[in-house]
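Notes to accompany the following structure.
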Amino acid sequence: MRRSFFFICFSLIALCSFGFVFQPETLHYKVMFKWGLINKKAGTATLSLSNAPNYYVAQLTAASEPWADKIYRVRDTLNGHMTYKELSPLFYEKIANEGTERKHDVVKYDYTSHPEIIARCTRKVYKKGELKIDDARQLEAQGDVVDMLTSFYFMRNLPYQDWKSGHTKELTIFSGKQKETLSIKYEGLDTLDFEGENRKVYHIKFVFTSKGGKKSSDDMEAWISADSFRIPLRLEGKLPVGKVHCIFTGAD
């Protein structure tokens, strides 16, 4: 199943050694569409992290550029909460406004049946203002679990410096309607030409599979700064036509 333009952006942006403590931050990205000789800015995305008394609060927003609005208008938001110590997701919400369609997904996590992790999921889909889907389901998994927002912090927190090229970490990723297996494959330490500067980066690849190990989406790639900040500097995914690149532009 191919994913939409901004779904890929969320997924890419969307996921140092263990024990790394994140400080409040706001990261900005430009979203580029590349197809042949075309390389044009199609949107922007912003990821912010703040502290609540007992958990992190994260939000990711994305919006298409005015020229792209005329073709396919996008205004999307992801909200999430996760624990301080393990970065375990507690709450996830996706509000997607794309074209004439609006989707609202919510995932609430329950850890009281350890080692089983329960995800209580709801999904509402509106088309031209009319409710078309109103669904609720319960999904279960064991081991590490994430969603499209907490995956961003999980991938930044992996011990790449201790891994060899080819090492793969598998975990379960939830959405409002299903669960998939997300495999994070370490491609090795690399050098990235970023804004005219050679930066040392960890190169990783995301592989999505569903039941039976069947690939459920094209692979995605990310290049994460090999320093104490672990910021994804460049991210890339395929579209039915062309590719999408998310490029880091600065932090507040």
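Counting heavy atoms from C-beta on, the side chains of Asp144 and Lys169 come closer than 4.5 Å. Thr122 places none of its side-chain heavy atoms less than 4.5 Å from the side chain of Lys124. By the 4.5 Å heavy-atom criterion applied to side chains, Ser88 and Tyr111 are counted as neighbours. In this structure, the side chains of Asp76 and Ile95 stay at 4.5 Å or more apart for every pair of heavy atoms. Using a 4.5 Å heavy-atom cutoff, the side chains of Tyr202 and Leu189 are in contact. Side-chain contact between Val106 and Phe91 is present, with at least one heavy-atom pair separated by less than 4.5 Å. Looking at heavy atoms from C-beta onward, Asp162 lies out of side-chain contact with His167 at the 4.5 angstrom threshold. With a 4.5 Å cut-off on side-chain heavy atoms, Met32 and Asn39 count as touching.
Residue pairs meeting the salt bridge (charged side-chain N to carboxylate O under 4.0 Å, His left out) criterion with at least one member in residues 22-46, sequence neighbours excluded: Glu25-Arg156.
For Asp252 (side chain) and Thr26 (main-chain N/O), no donor-acceptor pair under 3.5 Å exists by modelled atom type.
With sequence neighbours left out, the side chain to side chain contact (heavy atoms under 4.5 Å, CB included) criterion links Gln138 to Ile118, Arg120, Glu140.
Salt bridge Lys103/Asp105: absent, no basic N to carboxylate O contact under 4.0 Å.
Taking each heavy atom of Lys179 and Leu139 in turn, the nearest pair found is N-CD1, 3.9 Å.
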From CA spacing to verdict: ring-ring contact (aromatic ring centres under 6.0 Å, His included), Tyr153, Phe22: CA-CA 9 Å; Tyr153 298 97; Phe22 289 101; 5.2 Å; yes

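Applying the side chain to side chain contact (heavy atoms under 4.5 Å, CB included) test between Met82 and each of Val57, Leu90, Leu87, Asp147 identifies Leu87 as the sole match. Among Glu187, Arg234, Glu221, the single residue meeting the side-chain hydrogen bond (donor to acceptor under 3.5 Å, both in side chains) criterion with His203 is Glu221.
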